Amino acid sequence: MGHRRAGDTLRRFYEVLDAAFGPQHWWPGETRDEVILGAVLTQNTAWRNVERAIDRLKSAKALALRSIRALDEADLAALIRPAGTYRVKARRLKALVSWIDARCDGDLDALFAKDAARLRAGLLGVPGVGPETADAIMLYAGSIPTFVVDAYTLRVLRRHFVIDEAAEYDDVQALFHCHLDRDPGVFGQYHALFVELGKRFCKPRANCDVCPLRDWAHDALL
DNA sequence: TGCCAGGCCGGGT
DNA sequence: ACCCGGCATGGC
């Protein structure tokens with residue numbers, strides 16, 4: 001991959017998208033607990049359905065890690081049902097909360113103060129926490145500057161020939177880590193911009209007639 | 001009606 | 001290392 005051009009292109013993409021869409025205020029969630037729970041609930045799921053599950057947790061006064069800890073797994077599953085794959089997610093939420101408890105006794109300040117690479121490795125060791133979930137938790141709940149790659153990110157970058165079809169999560173993440181300043185605010189906004197672009201102009205099949213990045217479609221890295 | 005959504009895991013080859 | 005089905009709801 002071209003190295004100098006890579007940074008230029010990624011910065012340019014950001015400028016164009018930021019100008020087109022403005023501040024996105026991600027992650028949508030008022031507390032760190034809510035962000036952490038939402039990161040699992042949104043796995044392969046439309047955010048609309050995640051909101052329903054979050055609303056139900058809120059109504060049950062269970063939108064907190066300590067509530068998840070106290071809830072029976074079957075009851076938790078029933079509460080988060082609108083999010084889909086709810087039995088799987090109930091198990092994953094339980095596992096994640098247990099791990100956080102074991103790690104730092106539920107103290108999120110202590111959790112996120114640890115070495116970032118160690119923290120990420122630890123999160124990846126929790127069954128049901130993959131790279132995107134781990135990075136979303138670290139970035140949006142912990143303000144740790146790790147870049148979140150998701151289906152939208154890959155689709156947008158592939159369609160604009162910034163990455164090839166074979167590029168995987170860590171490859172793409174490394175691209176951003178190498179060429180951009182590690183600013184959690186910028187990383188958070190950038191990821192949000194990819195999602196916004198993906199939803200509006202980069203659907204799985206549709207082409208990108210009025211996509212803000214249209215003029216850059218064939219002028220990228222590879 | 002089928003495809004999709006802010007993934008991840010386990011089994012098979 | 002790669003490929004694939006399962007998980008499951010709700011919207012278009």
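Protein chains get the first letters and strands the later ones, always in sequence-line order, with residue 1 at the start of each. Since the structure is predicted, the reported quantities are computational estimates derived from the model, not experimental observations.
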Exercise for the section: Can you sort out the partners of D18(A) under side chain to side chain donor-acceptor pair (under 3.5 Å), two or more places apart, ordered by chain and number? Expected result: Q189(A)
Practice task
List for me each residue that meets ring-ring contact (aromatic ring centres under 6.0 Å, His included) alongside Y86(A), sequence neighbours excluded, and say none if there are none.
Solution key: none
Exercise for the section: Evaluate the side-chain proximity of L180(A) to Y14(A): yes if any heavy-atom separation is below 4.5 Å, no if none is. Expected result: no
Practice task
Give R91(A) one of three labels, base, sugar-phosphate or nothing, depending on what nucleic acid heavy atoms sit under 4.0 Å from its own.
Solution key: nothing
Handout entry: Pairs where residues 35-60 of chain A contributes a residue and the test ring pair (Phe, Tyr, Trp, His ring centres under 6.0 Å) is met, not counting sequence neighbours
Key = W27(A)-W47(A)
Exercise for the section: Would you mind listing every side-chain hydrogen bond (donor to acceptor under 3.5 Å, both in side chains) that reaches into residues 192-202 of chain A, with sequence neighbours excluded? Expected result: E196(A)-R200(A)
Problem - Min side-chain heavy-atom separation P212(A)-F201(A) under 4.5 Å - result: yes
Practice task
Determine which pairs satisfy side-chain hydrogen bond (donor to acceptor under 3.5 Å, both in side chains) with at least one residue from residues 113-131 of chain A, sequence neighbours left out, and list them in order.
Solution key: R120(A)-D135(A)
Handout entry: d(CG, D170(A); P, dA1(C)) in whole Å
Key = 12 Å
Fill in the blank from the handout: Stems with DNA chain B, 3 or more Watson-Crick or G-U pairs in a row (under 3.5 Å), are B:2-5 with C:9-12, B:7-13 with C:1-7
Exercise for the section: Identify, between A46(A) and V129(A), the residue whose nearest nucleotide on DNA chain B lies closer to the 5' end. Expected result: A46(A)
Handout entry: Inter-nucleotide P distance (dA8(C), dT1(B)), Å rounded
Key = 22 Å
Could you go through nucleotides 6-9 of chain C and list every protein N or O atom that sits under 3.5 Å from one of its N or O atoms, giving the distance for each pair?
from: dA8(C); atom 1: OP1; to: R87(A); atom 2: N; distance (Å): 2.9
from: dA8(C); atom 1: OP1; to: V88(A); atom 2: N; distance (Å): 3.1
from: dA8(C); atom 1: OP2; to: R87(A); atom 2: NE; distance (Å): 3.3
from: dA8(C); atom 1: OP2; to: R87(A); atom 2: NH2; distance (Å): 3.3
from: dA8(C); atom 1: O4'; to: T85(A); atom 2: N; distance (Å): 2.9
from: dA8(C); atom 1: N6; to: N44(A); atom 2: ND2; distance (Å): 3.3
from: dT9(C); atom 1: OP1; to: R81(A); atom 2: NH2; distance (Å): 3.4
from: dT9(C); atom 1: O2; to: N49(A); atom 2: ND2; distance (Å): 3.2

Practice task
Would you kindly give the CZ-to-C1' distance between R48(A) and dC4(B), to the nearest whole Å?
Solution key: 12 Å
Exercise for the section: Calculate the interatomic distance between W47(A) atom CH2 and dC12(C) atom C1'; express it in whole Å. Expected result: 21 Å
Problem - Closest approach of L124(A) to G130(A) (non-hydrogen atoms, all atoms of both residues) - result: CD2-C, 3.4 Å
Handout entry: Separation between the C1' atoms of dA5(B) and dC2(C), rounded to whole Å
Key = 25 Å
Problem - DNA chain B contacts among residues 131-147 of chain A, heavy-atom distance under 4.0 Å - result: P131(A), E132(A), T133(A)
Practice task
Could you check G128(A) against H191(A) and say which one's nearest nucleotide on DNA chain B is further toward the 5' end?
Solution key: H191(A)
Practice task
Would you kindly give the NZ-to-P distance between K199(A) and dG11(C), to the nearest whole Å?
Solution key: 14 Å
Practice task
Provide, to the nearest angstrom, the distance between the CG atom belonging to L124(A) and the C1' atom belonging to dC9(B).
Solution key: 14 Å
Exercise for the section: Just jot down the side chain to side chain contact (heavy atoms under 4.5 Å, CB included) partners of D105(A), sequence neighbours excluded, or say none. Expected result: none
Exercise for the section: Could you tell me whether the side chain of I137(A) reaches within less than 4.5 Å of the side chain of F112(A), counting heavy atoms only? Expected result: yes
Handout entry: Salt-bridge contact E15(A)-R12(A) (side-chain N to carboxylate O under 4.0 Å)
Key = yes
Practice task
Establish, with yes or no, whether the OP1 or OP2 oxygen of dG11(C) is under 4.0 angstrom from a side-chain nitrogen or oxygen of R52(A).
Solution key: yes
Exercise for the section: Let me know the distance between NZ of K94(A) and P of dC8(B), rounded to the nearest Å. Expected result: 21 Å
Exercise for the section: Can you run down the salt bridge (Lys or Arg N to Asp or Glu O under 4.0 Å) pairs that involve residues 81-91 of chain A, sequence neighbours left out, and say none if there aren't any? Expected result: none
Handout entry: OP1 or OP2 of dC12(C) under 4.0 Å from side-chain N/O of R205(A)
Key = no
Practice task
Sequence neighbours left out, what pairs pass side-chain hydrogen bond (donor to acceptor under 3.5 Å, both in side chains) with at least one residue falling in residues 55-73 of chain A?
Solution key: R69(A)-D101(A)
Using nucleotides 11-13 of chain B, report all nitrogen or oxygen pairs with the protein that are shorter than 3.5 Å.
none

Fill in the blank from the handout: Rounded to whole Å, CZ of R155(A) lies from P of dC3(B) at a distance of 16 Å
Fill in the blank from the handout: Closest non-hydrogen atoms of E132(A) and V149(A), given as atom of the first, atom of the second and distance, are CG-O, 3.5 Å
Completion exercise
Rounded to whole Å, CG of L41(A) lies from P of dA5(B) at a distance of 18 Å
Handout entry: Beyond-backbone contact of L10(A) with Y190(A), side-chain heavy atoms, under 4.5 angstrom
Key = yes
